[in-house]
Colleague: 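Before I ask anything, let me first share the structure, which is written out below as structure tokens.
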Amino acid sequence: MGSLISLQSVQAFKNSNIPITPVNDHFSGSMQAEFLLARQQQAKAVAIYQKMAFETLTPSILERALTVSIDAQDDKTALNIAKHWVENEPQDTPAQFYLAHLALKTHDYPLAGRILDQILSADADVALDQVLAGIYPENEQDRQQLLNALIHLDMHSNPSLLVLIAGLQAQNGQLDDALKRINRALKKRPDVTAFMTLKANILIAQNKNAELMQWLDKQTTLQPGNKSLKLFEVRYLLKQNQQPKALKKLDGMIGQWPDDTEILLLAGLVSIDEQQYAKAEQYLLKLLQQEAYMDQAYYYLAINAQRQHKIDLASAYYKRVEGTLYQSAQKKMALMLAEQQALPQAISHLTQERVNHPGEASFLYQLQVQLLKDNHQPDTARSLLDEALKNLPDDPELIYARVLLLKPNEQALLDQELERLLGIEPNSPTYLNAYAYTLATQNRRLNDARQLAERANTLAPDQPAILDTLGLVAFLQKDYDSAIKALQKALSFGDNLNIAMRLAKVYQAKGEMAAYNTLKSKLQAQYPDNIQVRSL
């Protein structure tokens, strides 16, 4: 954190009987400390500035000592320096601001409350934004302690403090009290967007949707130039599935801010959803004028064209997408072509993309393989993976993709590739689970399978696929209690027919017929036409 108060704002001390050491006496110390800072030796620099801070009351040295300590994240040293400053100059406002901030940051809430009370007693409307910046507690106990320390300061009616208290109360579910405080803050500072959005979020939490819409309409009318508040209103309307109303407001905002990229992009996306394709194209083409937004503009122009079944135009736009949206664009384009019975064209395009984008070769190979598998060409997919692994022999995702295509009679190669995967990424839950499941389905090396599945479960707990594997292995080992525990937990995360069928078989094998019959009846009701369920 940088300095809370600029050096220019720190005035000379007045009427002080405490001797002040001249800055020049510490000139060499400051030079040495700054030299250490330049060499990234923060701890030594902090120690030098701390020593100087306790030898002087020169504001420039005290403030520099504080900022160096804070930048080094040595909050304990910074707090001690701030205490020293305030103890010797109890009326110094910059010192009080520092001490209040650091007391809040280090969770010394009683001290923070006392210092804030002193500050607010001198000026109830003082701006506390920098004092309160970055100090919001993460856990419930600290939030309550902070609230207890601040609640008695409510009498000062300081807007920043009222908002902080309101936020704490809202998070604690005290919505009515929070709303009262934010309203008081807004009476003093009615045009602060952060205050208004907090009130809006409190009203949302209270399910006062009609009141919120009335209030937002009024505030956006009173503050026609408040873009952030208008965007908040639009996003709220979208969450309420009021897309036409949101789009109407976005159209008006574009008239007011015609070149605003955030508004243009949002308006383009909503227009696509509302099937107003000409309007979407108009907004997104305008967005192309901004270099930072070109990829997003091309990407959504492609989607806009695809929605209109303009396949050639969509392809042209998808081909222009680079950056973070590149992979998504390539996937959408390939799937689009495959759906249009143009699989050879899609495969040819992806092959050329590997030449144009060698850094994306692994992704492009995998995409081609997926297309071939989806179109019932597993042998061609396997041949492509063999080729891919000659070019990228240690790529784990390509190895895993080929593992999924290996045939039952390729057991030796399967073990070899799974071992190689774990050699490359020994702590991958996906690969550990794949190996364990493969061994289990082949009913061999069950002790190894159990260890692999348990390790995967430790690395990624509560994953249904891993719990299913663990349940399968335990079932094969006739450890029915462990199997039931794992499979029941897997099902607790959502219905899954395969896992439920496995659990039914475990119940039956263990002789727990009441549980078996209950689960059987449930499955028959859920899946009345399923042949496997009928066979239970």
Colleague: Mind listing the closest non-hydrogen atom pair of M336 and S315 along with its distance?
Modeller: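 Shortest heavy-atom separation between M336 and S315 comes out as CE-OG, 3.3 Å.
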
Colleague: Before giving the answer on side chain to side chain donor-acceptor pair (under 3.5 Å), spell out for Q276 and K279 the whole-Å C-alpha distance, their side-chain angles and the decisive distance to 0.1 Å.
Modeller: CA-CA 6 Å; Q276 296 196 31; K279 182 181 286 188; 3.3 Å; yes

Colleague: For D176, check salt bridge (charged side-chain N to carboxylate O under 4.0 Å, His left out) against everything at least two apart and list the hits.
Modeller: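 Listed in chain order: nothing, the list is empty.
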
Colleague: Taking OH in Y437 as the centre, count heavy atoms belonging to other residues, nucleotides or ligands within less than 6.0 Å. Is the count above 12?
Modeller: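 Atom OH in Y437 is not packed in, count stays at 12 or less.
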
Colleague: Under the salt bridge (charged side-chain N to carboxylate O under 4.0 Å, His left out) test, which residues partner R455, sequence neighbours left out?
Modeller: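 So R455 forms no salt bridge (charged side-chain N to carboxylate O under 4.0 Å, His left out) with any residue.
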
Colleague: Mind listing the closest non-hydrogen atom pair of L392 and S362 along with its distance?
Modeller: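 The pair with the smallest heavy-atom distance is CD1-N, 3.9 Å.
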
Colleague: Could you name each residue pair satisfying salt bridge (Lys or Arg N to Asp or Glu O under 4.0 Å) that touches residues 343-355, not counting sequence neighbours?
Modeller: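 Of all non-adjacent pairs touching residues 343-355, those that pass salt bridge (Lys or Arg N to Asp or Glu O under 4.0 Å) are R354-E387.
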
Colleague: Should the heavy atoms of other residues, nucleotides or ligands under 6.0 Å from NE2 of H309 be counted, would the total exceed 12?
Modeller: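 Counting neighbours around NE2 of H309, 12 or fewer heavy atoms of other residues, nucleotides or ligands fall under 6.0 Å, so no.
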
Colleague: Can you name the nearest heavy-atom pair linking A267 to L250, along with the distance?
Modeller: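 Distance-wise, the nearest heavy atoms are CA-CD1, 3.8 Å.
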
Colleague: Start with the C-alpha gap between H152 and D117, add the side-chain angles, then the distance that decides, and say whether side chain to side chain donor-acceptor pair (under 3.5 Å) holds.
Modeller: CA-CA 9 Å; H152 76 280; D117 193 25; 4.8 Å; no

Colleague: Is the number of heavy atoms from other residues, nucleotides or ligands under 6.0 Å of K188 NZ greater than 12?
Modeller: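 It does: K188 NZ has more than 12 such atoms within range.
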
Colleague: Kindly determine whether R181 and Q169 satisfy side chain to side chain donor-acceptor pair (under 3.5 Å), including the steps that lead there.
Modeller: CA-CA 10 Å; R181 282 190 168 80; Q169 289 178 320; 3.2 Å; yes

Colleague: Report the residues that fulfil salt bridge (charged side-chain N to carboxylate O under 4.0 Å, His left out) with R320, sequence neighbours left out, ordered by chain and then residue number.
Modeller: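 Partners of R320 under the salt bridge (charged side-chain N to carboxylate O under 4.0 Å, His left out) test: none.
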
Colleague: Only one of K319, Q330, Q368 forms a side-chain hydrogen bond (donor to acceptor under 3.5 Å, both in side chains) with H349, so which one is it?
Modeller: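 It is Q330, the one option of K319, Q330, Q368 that forms the side-chain hydrogen bond (donor to acceptor under 3.5 Å, both in side chains) with H349.
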
Colleague: Taking all atoms of both residues into account, what is the closest heavy-atom pair of A149 and Y109, and its distance?
Modeller: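 It is CB-O, 3.5 Å.
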
Colleague: Write out all pairs satisfying salt bridge (Lys or Arg N to Asp or Glu O under 4.0 Å) with one or both partners inside residues 494-507, taking only residues at least two apart or from two chains.
Modeller: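 Residue pairs with at least one partner in residues 494-507: D468-R502.
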
Colleague: Check the side chains of D295 and Y300 for a donor-acceptor pair under 3.5 angstrom, ignoring hydrogens and angles.
Modeller: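 No donor-acceptor contact under 3.5 Å links the two side chains.
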
Colleague: Sequence neighbours left out, what passes ring pair (Phe, Tyr, Trp, His ring centres under 6.0 Å) with Y236? Give chain and number order.
Modeller: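 By the ring pair (Phe, Tyr, Trp, His ring centres under 6.0 Å) rule, Y236 matches no residue at all.
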
Colleague: Excluding sequence neighbours, so at least two apart, what forms ring pair (Phe, Tyr, Trp, His ring centres under 6.0 Å) with Y507?
Modeller: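 Ring pair (Phe, Tyr, Trp, His ring centres under 6.0 Å) list for Y507, sorted by chain: empty.
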
Colleague: Dump the intermediate steps for side chain to side chain donor-acceptor pair (under 3.5 Å) on D395 and Y365, then the final yes or no.
Modeller: CA-CA 11 Å; D395 188 291; Y365 271 125; over 6 Å; no

Colleague: Could you work out, with ring pair (Phe, Tyr, Trp, His ring centres under 6.0 Å) as the rule, every residue matching Y326, not counting sequence neighbours?
Modeller: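 Counting only residues at least two positions away or on another chain, Y326 forms a ring pair (Phe, Tyr, Trp, His ring centres under 6.0 Å) with H357.
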
Colleague: Judged by modelled atom types alone, do S271 and Y277 share a side-chain donor-acceptor pair under 3.5 Å?
Modeller: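 Result is no, nothing qualifies.
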
Colleague: Please collect all salt bridge (Lys or Arg N to Asp or Glu O under 4.0 Å) contacts where either partner lies in residues 207-226, sequence neighbours excluded, each pair once.
Modeller: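 Sorted pair list: D217-K249.
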
Colleague: Looking at Q532, is its backbone amide N or carbonyl O close enough to the side chain of S535 to form a donor-acceptor pair, meaning the two atoms are under 3.5 Å apart?
Modeller: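 Side chain of S535 to backbone of Q532, a donor-acceptor pair under 3.5 Å: yes, one is there.
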
Colleague: Going by the salt bridge (Lys or Arg N to Asp or Glu O under 4.0 Å) test, which pairs reach into residues 328-352, not counting sequence neighbours?
Modeller: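 Pairs touching residues 328-352 that pass the test: none.
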
Colleague: According to salt bridge (charged side-chain N to carboxylate O under 4.0 Å, His left out), who are the partners of D259, at least two apart in sequence or on a separate chain?
Modeller: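 Expected list: K286.
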
Colleague: For a 4.5 angstrom cut-off between non-hydrogen side-chain atoms, does Q463 reach P429?
Modeller: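 Side chain of Q463 against side chain of P429, heavy atoms only: no contact under 4.5 Å found.
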
Colleague: Have N226 and T220 got a donor and an acceptor in their side chains that come within less than 3.5 Å?
Modeller: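 No, because no side-chain N or O of N226 sits under 3.5 Å from a partner of the opposite role on T220.
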
Colleague: Might you confirm whether atom CG of N356 has over 12 heavy atoms from other residues, nucleotides or ligands at distances under 6.0 Å?
Modeller: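 Atom CG in N356 is packed in, count exceeds 12.
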
Colleague: Please identify each residue that fulfils ring pair (Phe, Tyr, Trp, His ring centres under 6.0 Å) with Y317, with sequence neighbours left out.
Modeller: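 Y317: no ring pair (Phe, Tyr, Trp, His ring centres under 6.0 Å) contacts found.
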
Colleague: Compare all side-chain heavy atoms of K230 with those of W257 and state whether any distance is below 4.5 angstrom.
Modeller: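 In contact.
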
Colleague: Y299 and Y318: which non-hydrogen atoms are nearest, and at how many Å?
Modeller: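 For Y299 and Y318, the tightest heavy-atom pair comes out as O-CE2, 4.2 Å.
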
Colleague: How many angstroms lie between CG in L405 and NZ in K373, if you round to the nearest 0.5 Å?
Modeller: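 Going from the CG atom of L405 to the NZ atom of K373 covers 5.0 Å.
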
Colleague: Looking at every non-hydrogen atom in both residues, tell me the closest pair between I202 and A170 and how far apart they are.
Modeller: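 Residues I202 and A170, closest heavy atoms: CG1-CB, 4.2 Å.
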
